[in-house]
Amino acid sequence: MNSANSGAVAWGVIAGLTMMNSGLSMTQSLVMAVVVYSGTAQMVAMPLIVAGASHLVVFIAVFLAGVRFLIYSAAMANNLRRLKPWQAIASSYQTIDGAAAVFLQRRANRGDRFVHRVSFLNGMNMAVWSFWMGGLVIGIFGAAWLPASPKFGYLGILAMFGMVVPMLKGRPAWACAVAAGLVSLIASPLPYRLGLLVAILAGIAAGVWASGGVKAERIKS
């Protein structure tokens with residue numbers, strides 16, 4: 001998870017700079033950093049807020065950006081069903097893509113031998129959350145000294161590569177990445193960064209389709 005932690009710091013810095021450069025106050029940025037624990041959701045919401053979009057449009061866009069977490073929830077439900085409601089809410093708040101991928105891969109490899117799985121998940125989540133929040137604070141407080149420039153966007157891209165590439169294991173992951181990447185390029189002209197939402201949905205669909213093919217091959221074998 002070292003690459004995920006370093007990527008979380010860099011991505012957090014970019015998200016913090018984006019919020020401040022979009023016109024949010026320092027207090028609003030800090031509150032959003034805690035309440036909206038999702039770089040994707042923040043990046044989708046900010047241009048809509050700046051453009052004066054309605055609350056409903058912002059809500060729908062953010063919901064679509066985070067719909068992948070519904071899939072994570074369904075995949076992890078059996079492993080976390082014994083948690084109390086408040087524990088489940090706390091775990092769901094902190095669970096992010098990298099931690100979910102590592103958790104599910106470890107569960108698939110170890111099966112019932114995967115002991116202390118909840119502690120394992122929460123430990124990963126807490127580490128990434130700490131690095132992410134640290135990066136956000138740096139970006140929020142550093143916005144006063146760092147000029148607003150689109151060049152900083154490349155840092156976010158590099159950070160995402162650092163987090164995503166180590167997770168590309170197996171056909172579903174590669175199908176998801178390739179589909180999302182191609183669709184994001186094709187749909188980039190769409191306004192309000194709707195191309196990002198289309199790319200997310202395309203990636204999810206490709207991953208689900210590829211997962212079905214892998215299961216079918218296992219059944220045949």
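If you're wondering where the values come from, they're calculated on a predicted model, not measured in any experiment. Residue indices begin at 1 and follow the sequence shown.
- Here Leu24 contributes atom CG and Ile49 contributes atom CD1; the two are 6.0 Å apart, rounded to the nearest 0.5 Å.
- Residue Ser54 holds its OG atom at 12.0 Å from CZ of Phe59, rounded to the nearest 0.5 Å.
- Rounded to the nearest 0.5 Å, atoms CG (Leu190) and OG (Ser184) are 11.0 Å apart.
- Counted by atom type alone, Ser91 and Asn122 present one or more donor-acceptor pairs between their side chains at under 3.5 Å.
- A heavy-atom distance below 4.5 Å is found between the side chains of Leu80 and Leu121.
- Atom OH of Tyr37 and atom CH2 of Trp132 lie 8.0 Å apart (nearest 0.5 Å).
- In this structure, Phe141 CZ and Met26 CE are separated by 5.0 Å, a value rounded to the nearest 0.5 Å.
- A continuous path of hydrophobic side-chain contacts links Ile96 to Val35 [ILVMFWY only; heavy atoms under 4.5 Å].
- Here the closest heavy-atom approach between residue Ala202 and residue Ala179 is recorded as O-CB, 3.9 Å.
- In plain terms, the two heavy atoms of Leu17 and Gly139 that are nearest each other are CD2-O, 3.5 Å.
- By the rule that hydrophobic residues join a cluster once side-chain heavy atoms approach within less than 4.5 Å of another member, Val198 and Leu70 end up as members of one cluster.
- Hydrophobic cluster membership is shared by Val34 and Ile14, with clusters built from Ile, Leu, Val, Met, Phe, Trp and Tyr side chains linked at under 4.5 angstrom.
- In this structure, Met46 CE and Met32 CE are separated by 5.5 Å, a value rounded to the nearest 0.5 Å.
- Residues Gly16 and Ile140 share a closest heavy-atom pair of CA-CG1, 3.8 Å.
- The shortest non-hydrogen separation linking Gln94 to Asn125 is O-OD1, 3.3 Å.
- One hydrophobic cluster holds both Leu136 and Met126 under the rule that ILVMFWY side chains link at heavy-atom gaps under 4.5 Å.
- Listed for the Gln42 side chain is no donor-acceptor partner under 3.5 Å among the backbone atoms of Met19.
- Under a hydrophobic-cluster definition in which Ile, Leu, Val, Met, Phe, Trp and Tyr are linked whenever side-chain heavy atoms come within less than 4.5 Å, directly or via other members, Ile89 and Met124 are assigned to different clusters.
- Contact detail for Met76 and Ala100: the closest heavy-atom pair is SD-CB, 4.0 Å.
- Of all heavy-atom pairs spanning Phe69 and Thr95, the tightest one is CE2-O, 3.5 Å.
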